[in-house]
Visitor: 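Take a look at the following structure, please.
As the structure is a computational prediction, the values presented were derived from the model and not from experiment. Below, chains carry the letters A, B, ... as their sequence lines are ordered, and counting in each starts from 1.
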Number of protein chains: 2
Amino acid sequence: MTYASNGLSGHASQPRARASINDVAVHAGVSAQTVSRVANGQTNVRPTTRDKVLASMQALGYRPNSAARNLKSGRFRSIGFVTFNLATLGNERTLNAVAEASEAAGYTTTLLPVIDPTQLDVAGAFGRLEEQAVDGIILVMSSEVGSLDELGITAGLPLVIVDSDANLPYTIVDTDQEQGAKIALQHLLDLGHRDIVHISGPADSFSSRRRADAYRQTMADANLPARPVLVGDWRAASGLALARELFAAENPPTAVFASNDQMALGVMHAIHERGWTVPGDISVVGFDDTEEAEVYWPALTTVHQNFDQVGRHATTLLLSLIDGEPNTKEKILITTRLVVRDSTGPVRPA
Amino acid sequence: MTYASNGLSGHASQPRARASINDVAVHAGVSAQTVSRVANGQTNVRPTTRDKVLASMQALGYRPNSAARNLKSGRFRSIGFVTFNLATLGNERTLNAVAEASEAAGYTTTLLPVIDPTQLDVAGAFGRLEEQAVDGIILVMSSEVGSLDELGITAGLPLVIVDSDANLPYTIVDTDQEQGAKIALQHLLDLGHRDIVHISGPADSFSSRRRADAYRQTMADANLPARPVLVGDWRAASGLALARELFAAENPPTAVFASNDQMALGVMHAIHERGWTVPGDISVVGFDDTEEAEVYWPALTTVHQNFDQVGRHATTLLLSLIDGEPNTKEKILITTRLVVRDSTGPVRPA
DNA sequence: CTGAAAGCGCTAACAC
DNA sequence: GTGTTAGCGCTTTCAG
């Protein structure tokens, strides 16, 4: 007899033995099937029997084994979240939204190993990703990481991509970077600024690149010369360092458009320490609208990026893919909005 | 015969059928066992056979099913991360460290549904948590959520708790809040400040409470009157609002100790908007040492909290518990250090 | 309303 | 080197 065989009788030396459905069945004097029915809240069980089973579950500390359930159902009720860099604000906020949305749908969110992009090609006979216990993957690309095929991701699992090159033949959800950069720049232009410097994120970042492109494009469209883009690394310190250099040179611009709020903070710091004022001497615009932006000194004018919506959309899309909906390779672009605060003002008289 | 039975033959209407080990075995003309050996990189397979199998795996897009593996091994190679609030800096940084540490150990990190604390008692016959596909749990408590028993967490899974009431009979890793608050206050005291206001986090936060207690204690020890603690909500805006009120009243203090950097940012904003200076008129100290703190205006003096270490320690401890080490219910307190920057200075002459 | 049988995909143990 | 058998814990199917 194979029942009650997992050592539950439990010596102290065998601490972690977990009661199986059979243990409960034996304990309650019913069949495993009946225990299963009770565990799943099915109605066709006589109340007396149910109570007996419930008592046994209680007594044995029974908890269903999800591996067995997964094996049976072929589903894990979990979605995988892959990033190559969890430590950025946008990615964390996106993860947040994904975790909440998937929780609401009864799914769990699994953080998949952040593969070193340079090591992708050593992947073995099959990709590591898809053997994970997830039903689908949300991939936050952030930056160039070699082809997706190399990632070994394409084969089986439903996939939604966030923050990427929008030309990929996959379902994609993203912030409309171009639109965001344009409204920021237009605001500056409307204020009379003609000499605007852009501080970008790292060169390999998709979103940074698209904002920088929009900068060049917008300036060109306005028949204005674009200054060389200053390349930062998203961190406030890089904004500060770059701005210091910039302000030490001949002609400081009348406005700076930073590719995120943190670098904008650095720019304002550099302005303050020169004894200049924001926006009196120089206007500053950020990107993201972090929670702190409105409390910066002065309150930062910035582009509000809706990470929650990106995460929610990505999750919804992925869930529908998991449910077998046909993959329409939709591309969803979430619109941003400009939040005007105190860091921008009319250009200073020449 | 049960082989090749999972519909892999695949009509378009049966899209997501995945090749099983048996499908590969049939395709390659070997036994499932041999496929298993190849998949697991065992050496005792003739190269010709191995290649044949590899080719079949390739052809069928085979990927091992982790549910089956989990069922077999009784392990999930995943650790669960539970928070009631993912959206705070500390929790995200901790999650980060946990994800990295567990990845390094070959584990995946699963974000467990953030249960609504108020709904805990409606839990069914068994806790939801422990049926999850994880081998252990890192619980970030953050605030009072009713007894852990109610959480249904105690029964089976290895557990490490972060950010909690340190009296719990569990393995606990935490920042030494008291030590942190004390060095911040001592710094202010050394600078000659006697009238120091503390802005705390929300009342139900463990870490906030402990910092506030340390504030009262330190002031008492120095024979100085403590002002009533101003209760914020961690967000910069709350620091700003509270500081505005404070400065509108009769006697502004000469220094403010905020329970996190964001609220300190709010305090500095309130000082600037009155036309006062930091630290000339009022000194400000924060807590956390966020990445931006050094770029605030002025650069913020703050208590550096090592979230990475907290997360790493918690993970290491949990992993050893999972490996069956005896539970010594260790309590690890991570020491903080004061980072002195430009927001603190000698008290202004009376 | 309850039970028995079979099998999800994989691997450990044991043949040969 | 390779195959066979059995069983992880659960649920679906079919009998009673």
Side-chain angles (χ1 to χ4, degrees), chain A residues 1-8 16-53 57 60 62-77 126 130-133 156, chain B residues 1-8 16-53 57 60-77 126 130-131 133 156:
Chain A
M1 125 129 147
T2 71
Y3 287 2
S5 57
N6 75 356
L8 186 75
R16 197 142 298 132
R18 229 163 114 150
S20 79
I21 200 168
N22 285 323
D23 296 315
V24 177
V26 169
H27 185 106
V30 299
S31 75
Q33 191 40 233
T34 300
V35 177
S36 171
R37 284 193 259 262
V38 172
N40 293 294
Q42 306 206 30
T43 48
N44 49 344
V45 180
R46 196 194 310 148
T48 359
T49 315
R50 150 170 280 106
D51 289 346
K52 209 168 44 179
V53 171
M57 297 201 303
L60 270 48
Y62 170 72
R63 226 145 293 114
N65 176 318
S66 52
R69 270 197 180 155
N70 294 338
L71 179 56
K72 241 328 193 187
S73 67
R75 295 284 206 91
F76 300 97
R77 300 205 70 86
F126 38 76
E130 298 192 337
E131 34 175 318
Q132 295 293 347
Chain B
M1 118 136 152
T2 71
Y3 286 2
S5 56
N6 75 356
L8 186 75
R16 197 144 297 131
R18 230 163 113 152
S20 80
I21 200 169
N22 286 323
D23 296 315
V24 177
V26 169
H27 185 106
V30 298
S31 77
Q33 190 44 232
T34 300
V35 176
S36 171
R37 284 194 258 260
V38 172
N40 292 294
Q42 305 206 29
T43 49
N44 50 345
V45 180
R46 195 195 311 149
T48 357
T49 315
R50 151 170 278 108
D51 290 346
K52 210 167 45 180
V53 172
M57 296 199 305
L60 293 147
Y62 170 72
R63 224 146 292 116
N65 177 319
S66 53
R69 272 194 180 158
N70 294 339
L71 180 56
K72 242 318 175 195
S73 68
R75 295 284 206 91
F76 299 98
R77 298 207 70 88
F126 38 77
E130 296 193 336
E131 36 174 319

Visitor: Which of the following nucleotides, dC10(D), dA4(C), dT2(D), is nearest to the side chain of S20(A)?
Guide: dC10(D)
Visitor: Rounded to 10°, tell me the angle between the two end axes of the helix from dC1(C)-dG16(D) to dC16(C)-dG1(D), each built from five pairs.
Guide: 40°
Visitor: Under the side chain to side chain contact (heavy atoms under 4.5 Å, CB included) test against Y62(B), which residue among D23(B), V53(B), V24(B) passes?
Guide: V24(B)
Visitor: Please find the pair of heavy atoms, one from A25(B) and one from A32(B), that lie closest to each other, and give the distance.
Guide: CB-N, 3.6 Å
Visitor: Nearest-Å distance, CG (N65(B)) to P (dC8(D))?
Guide: 18 Å
Visitor: Please state whether the phosphate of dG3(D), meaning OP1 or OP2, lies under 4.0 angstrom from any side-chain nitrogen or oxygen of T34(B).
Guide: yes
Visitor: Using side chain to side chain contact (heavy atoms under 4.5 Å, CB included) as the criterion, list what pairs up with A67(A), not counting sequence neighbours.
Guide: N65(A), N70(B), L71(B), F76(B)
Visitor: For F76(B) and dC10(C), what is the distance between atoms CZ and C1' respectively, to the nearest whole Å?
Guide: 15 Å
Visitor: Within this structure, what is the CE-to-C1' distance between M57(B) and dG9(C), rounded to whole angstrom?
Guide: 15 Å
Visitor: Please give, in whole Å, the distance from dG9(C) C1' to L71(A) CG?
Guide: 6 Å
Visitor: Tell me which of N44(B) and A68(B) sits closer to the 5' end of DNA chain D, going by the nucleotide each one is nearest to.
Guide: N44(B)
Visitor: Which whole-number value in Å describes the distance from N22(A) CG to dG3(C) P?
Guide: 13 Å
Visitor: Treating R77(B) as the side-chain partner and R75(B) as the backbone partner, does any N or O pair qualify as donor plus acceptor under 3.5 Å?
Guide: no
Visitor: Counting the atoms with a prime plus P, OP1 and OP2 as sugar-phosphate, which does T49(B) contact under 4.0 Å by heavy atoms, base, sugar-phosphate, or nothing?
Guide: sugar-phosphate
Visitor: Starting at atom NZ of K52(B), determine the distance to atom P of dG1(D), rounded to an integer number of angstrom.
Guide: 14 Å
Visitor: Which pairs of donor and acceptor atoms, one on a side chain in residues 38-46 of chain A, lie under 3.5 Å apart (sequence neighbours left out)?
Guide:
{"residue": "N40(A)", "atom": "OD1", "partner": "R69(A)", "partner atom": "NH2", "Å": "3.2"}
{"residue": "N40(A)", "atom": "ND2", "partner": "S36(A)", "partner atom": "O", "Å": "2.8"}
{"residue": "N40(A)", "atom": "ND2", "partner": "S36(A)", "partner atom": "OG", "Å": "3.4"}

Visitor: Measure CG/N70(A) against C1'/dG7(C) and give the value in whole Å, please.
Guide: 16 Å
Visitor: What residues, two or more places apart in sequence or in another chain, satisfy side chain to side chain contact (heavy atoms under 4.5 Å, CB included) together with S31(A)?
Guide: Q33(A), T34(A)
Visitor: What is the per-nucleotide protein-contact pattern of nucleotides 11-16 of chain C, from the 5' end, where B denotes a base atom under 4.0 Å from a protein heavy atom, S denotes such proximity for sugar-phosphate atoms only, and - denotes neither?
Guide: BBB---
